[in-house]
K.L.:
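Starting off with a structure, shown below.
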Protein chains: 4
Amino acid sequence: MDIHKVKPAPGRPRSQQAMEAVLTAVRQLLQTTAYKELTMEGIAKAAGVGKPTLYRWWPNIASIVMDVMRQQAHHDVGVPDTGSLESDLLLYIGDTCRSLTQGAGGIMRSLMAEAQFDDGFAQIFRESFISSRRAMLIALLQRGAARGELQKDADLELLADLCYGPIWYRLLNGHASLDEPFVQAITAHIIMRG
Amino acid sequence: MDIHKVKPAPGRPRSQQAMEAVLTAVRQLLQTTAYKELTMEGIAKAAGVGKPTLYRWWPNIASIVMDVMRQQAHHDVGVPDTGSLESDLLLYIGDTCRSLTQGAGGIMRSLMAEAQFDDGFAQIFRESFISSRRAMLIALLQRGAARGELQKDADLELLADLCYGPIWYRLLNGHASLDEPFVQAITAHIIMRG
Amino acid sequence: MDIHKVKPAPGRPRSQQAMEAVLTAVRQLLQTTAYKELTMEGIAKAAGVGKPTLYRWWPNIASIVMDVMRQQAHHDVGVPDTGSLESDLLLYIGDTCRSLTQGAGGIMRSLMAEAQFDDGFAQIFRESFISSRRAMLIALLQRGAARGELQKDADLELLADLCYGPIWYRLLNGHASLDEPFVQAITAHIIMRG
Amino acid sequence: MDIHKVKPAPGRPRSQQAMEAVLTAVRQLLQTTAYKELTMEGIAKAAGVGKPTLYRWWPNIASIVMDVMRQQAHHDVGVPDTGSLESDLLLYIGDTCRSLTQGAGGIMRSLMAEAQFDDGFAQIFRESFISSRRAMLIALLQRGAARGELQKDADLELLADLCYGPIWYRLLNGHASLDEPFVQAITAHIIMRG
DNA sequence: TCGTAAACGAGACGGTACGTCACGTCTTTCG
DNA sequence: CGAAAGACGTGACGTACCGTCTCGTTTACGA
């Protein structure tokens, strides 16, 4: 236990409230407004926060929204480990598609779009979402490969692309749905090919 | 022989010059400027055209850029017909990836991103690019299937997703390149699976 | 002694500089440009001020110009009190006509014209200029009446119209000048009639 | 007598219909719209006439409106000749004020305002309205003077200013009405002073 | 009875200025 | 002395009209 008091920083303390108010406000705004309608001005007003405060913590809207998404990201899609690659894939891809279909899809599309315009954001987005998800999938595949459920020389990176590619492609273009047959087809495809 | 006279529209006819000046100006601007830096004001000024003229013919920047892209779209990627599905795919996917790698990629990324924000544009974009390209690929696959190079019950739509999905996924995320090995891998994948 | 503290408004205070820059810029612009040539854009640029700042404080150009005029209005025409109505009138009407002849005339014509188109501005214009000037003249007439230099039942409002009416009429139509003989004639007229 | 035939201009003659359609349309527009709301585009559309046709015959809106006014100008105010200056003035000034009160006032205010901005229009306006009306009043005064109802050396120009000045002044500022007492006061004033 | 030429309607053109919006920064006061 | 509040300069937005131009059509004279 620490008897010494923490020397308080001089000046007005940082408002913990402010940060959370922002995230909460954005979460609510996103339920009635499209991502593209969000403005720094609007968020500041909705959160009861000054614009400079916003800029002190986040460089742009995409970053705020990404923090919001991150808050609830891991709730949606876990990494199964059933002992069978096929079951694992069915669960993992299924969860992913369900999450995207049930509301997260719209925002993810927006963030992916934003990443095409803003390099700084792109980097964070890819690290936070894309790469982290890819890593999970690849770990899952690796377990399968170790069990001999894939060919020894299977290119797991490519398999990940063959999994996530069609998902994003359908999500972004909306020409077909991310339904159960799709999940099964993708899974079957990976198993057979790998 | 056509007896019916074409009723000409009254009023001053649309200036061919103006349209082309705009497209040319945008093409040039895009060589020195990012898509996101384009503004209607800037385009109007660069093209020596009034802003209202711009708005008369295009609702937004994305539409102008898409017209630019459409102008040169068919030059880049043709539809091969070698008699072998594998050769066809290698050529078609190869051309596609080369085109995207050699300059069109950045703009296509921007247009895809724009389509996530603007429903009206999304529809045109998907019809002009996505669907038309998918249709070509599917026709190519169909010829292969007719020759027995694919299973009889192969889901060609899904195969198209398995082809374009990874391409777009890599293009949008930049985590891997659209190089020759990738083209071969995708091709091999489709052939084996189909 | 004032115990009550004035509660200062939060946030950045209104920039005194900006306001004065605008008024100064307009004053200078008016020396080389006709009132009708003024544009909000031009004023903003000349004053080194943002357009929104202009609109924050003034609804239109006429209001800005009126503020400019108000700044120097009282310098030109004072209210004499010589003890003689005739002398007072000669001085007052003379000053008025000289002021209008020497530069203020053009702008006053423009403001009067603007007041015919914009009701909101008309009200402010009449209160700021017309009524305040009429009040001064009437006060002057009242002193004369109190000294018995006018008939007891003289209608001072009408006399004010008979004074200002011809002045504005000549100013607006330019068919005759506001010279010394005119001043004397108007004065003589009011004295004799009243 | 002229033997030479007038060489008719070749080509399609000016359309009488078009001109009248314009004037009629403007007259109607002015009943529901303020003068300042009129636009060349709107007039052309309302009259079913091309914009170039408008510009062929009138340089600006004020000129069109003035033609409308001129059409019905002489109906409202005639020049009485009762043999008595006082009666003449009461009738003439009375008619003038009634005309202005009953609808012409608003448009006349607008035209006077327009004349402050546009020198070309100002000249025509003053010749068409102001001077012609002044001339009538002065003729009327001259008859009275010839009958000895005014002083021999009376300055009729000044008297005209003393008559029209207050009328316009009240019309433009709206601080008092152009009612019968006003007419009588002005008349009495001129008679006594002259 | 036709060809010619001017005026017509329509409407697109290059422009200018509008009034608004959001940006990201700057300058206060308050806690 | 940092957070909040909000005014600031900037610059693009999309719109409204401007006055001009270029069409194909209509009309009435003169050859």
Side-chain angles (χ1 to χ4, degrees), chain A residues 8-15 17-19 38-45 47-57 59-61, chain B residues 7-19 21 37-45 47-57 59-61, chain C residues 7-15 17-19 21 38-45 47-57 59-61, chain D residues 7-15 17-19 21 38-45 47-57 59-61:
Chain A
R12 182 172 178 171
R14 269 184 189 176
S15 162
Q17 274 185 312
M19 264 199 65
L38 294 179
T39 64
M40 284 298 216
E41 309 240 350
I43 293 170
K45 180 144 294 184
V49 145
K51 257 199 296 177
T53 302
L54 242 46
Y55 282 103
R56 215 183 328 269
W57 301 99
N60 50 49
I61 292 174
Chain B
K7 179 75 165 294
R12 178 175 178 171
R14 174 170 176 179
S15 161
Q16 198 70 14
Q17 268 189 316
M19 260 200 66
E37 314 279 78
L38 293 179
T39 65
M40 284 297 216
E41 307 240 352
I43 293 171
K45 181 144 294 183
V49 145
K51 243 197 307 175
T53 299
L54 242 46
Y55 282 103
R56 222 190 315 274
W57 303 114
N60 50 49
I61 292 175
Chain C
K7 179 76 164 292
R12 180 174 177 173
R14 175 170 175 180
S15 161
Q17 270 188 314
M19 261 200 66
L38 294 179
T39 64
M40 283 298 215
E41 307 239 351
I43 293 170
K45 180 144 294 183
V49 145
K51 245 198 306 174
T53 299
L54 243 45
Y55 283 103
R56 218 186 324 267
W57 304 113
N60 50 50
I61 293 175
Chain D
K7 178 78 162 292
R12 177 175 179 173
R14 173 171 175 179
S15 160
Q17 271 188 313
M19 261 199 67
L38 294 179
T39 65
M40 284 297 216
E41 307 241 351
I43 293 171
K45 180 143 292 184
V49 144
K51 251 200 300 178
T53 301
L54 242 46
Y55 282 103
R56 219 187 319 273
W57 303 112
N60 50 49
I61 293 174

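Lettering follows sequence order; numbering is per chain, from 1.
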K.L.:
Please pick, from dC13(F), dT20(E), dC26(E), the nucleotide with the shortest atom-to-atom distance to any side-chain atom of Pro52(A).
P.N.:
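Within the option list, the nearest is dC26(E).
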
K.L.:
Consider the side chain of Glu41(C), meaning its heavy atoms from C-beta on, and name the nucleotide among dA17(E), dG15(E), dC8(F) that approaches it most closely.
P.N.:
dA17(E)

K.L.:
Judged by each residue's nearest nucleotide on DNA chain E, which is more toward the 5′ side, Pro59(C) or Gly48(B)?
P.N.:
Gly48(B)

K.L.:
Identify the two heavy atoms, one from Leu54(B) and one from Met40(B), that lie closest to each other, and give their separation to 0.1 Å.
P.N.:
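Smallest heavy-atom distance, with atoms named: CD2-O, 3.4 Å.
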
K.L.:
Checking contacts here: which listed nucleotide (dA7(F), dC21(E), dG19(E)) is nearest the side-chain heavy atoms of Trp57(C)?
P.N.:
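Nearest nucleotide to the side chain: dA7(F).
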
K.L.:
Can you name the closest pair of heavy atoms from Ala44(B) and Gly50(B) and give their distance?
P.N.:
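Heavy atoms only, the tightest pair is CB-C, 4.3 Å.
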
K.L.:
If you check the Lys51(B) side chain, which of dG9(E), dG14(F), dC18(E) turns out closest?
P.N.:
dG14(F)

K.L.:
Which nucleotide in the set dC18(F), dT15(F), dA12(F) lies at the smallest distance from any side-chain heavy atom of Tyr55(B)?
P.N.:
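Selected nucleotide: dT15(F).
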
K.L.:
If I take atom CG in residue Leu54(B) and atom C1' in nucleotide dC13(E), what distance separates them, rounded to the nearest angstrom?
P.N.:
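Checked: the CG to C1' distance equals 13 Å.
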
K.L.:
Would you mind telling me which residue lines up with the more 5' stretch of DNA chain F, Ile61(B) or Ala47(C), judged by nearest nucleotide?
P.N.:
Ala47(C)

K.L.:
Heavy atoms under 4.0 Å, any strand shown: does Gly42(D) hit a base, just sugar-phosphate, or nothing?
P.N.:
nothing

K.L.:
Using atom NZ of Lys45(C) as one end and atom P of dA12(F) as the other, report the distance to the nearest whole Å.
P.N.:
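Nearest whole value for this atom pair: 11 Å.
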
K.L.:
Which residue lies toward the 5' end of DNA chain F, Thr39(D) or Val49(A), if each is placed at its nearest nucleotide?
P.N.:
Val49(A)

K.L.:
Roughly how far, to the nearest 0.5 Å, is CE of Met19(A) from CH2 of Trp57(A)?
P.N.:
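Trp57(A) CH2 to Met19(A) CE: 6.5 Å, rounded to 0.5 Å.
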
K.L.:
Give the rounded distance in Å between these two atoms: CE of Met40(B) and P of dC18(E).
P.N.:
22 Å

K.L.:
Can you check whether Arg56(C) has a side-chain N or O nearer than 4.0 Å to OP1 or OP2 of dA7(F)?
P.N.:
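No, because none of the side-chain N or O atoms of Arg56(C) sits under 4.0 Å from OP1 or OP2 of dA7(F).
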
K.L.:
Nearest whole angstrom, please: distance from the P of dT20(E) to the CG of Asn60(C).
P.N.:
12 Å

K.L.:
Test of understanding: with salt bridge (Lys or Arg N to Asp or Glu O under 4.0 Å), list the residues that count as partners of Glu41(B), not counting sequence neighbours.
P.N.:
Lys51(B)

K.L.:
Just to be sure I understand the rule, does Ile43(C) reach a base, reach only the sugar-phosphate, or reach nothing, if contact means heavy atoms closer than 4.0 Å?
P.N.:
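Counting heavy atoms under 4.0 Å across all strands, no contact is made by Ile43(C).
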
K.L.:
Using atom CD of Gln17(D) as one end and atom C1' of dT26(F) as the other, report the distance to the nearest whole Å.
P.N.:
12 Å

K.L.:
Respond yes when some side-chain nitrogen or oxygen of Thr53(B) is under 4.0 Å from OP1 or OP2 of dG14(E), and no when none is.
P.N.:
yes

K.L.:
Please find the pair of heavy atoms, one from Thr39(A) and one from Ile61(A), that lie closest to each other, and give the distance.
P.N.:
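Answer, listing the atom of Thr39(A) first, then Ile61(A): CA-CD1, 3.6 Å.
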
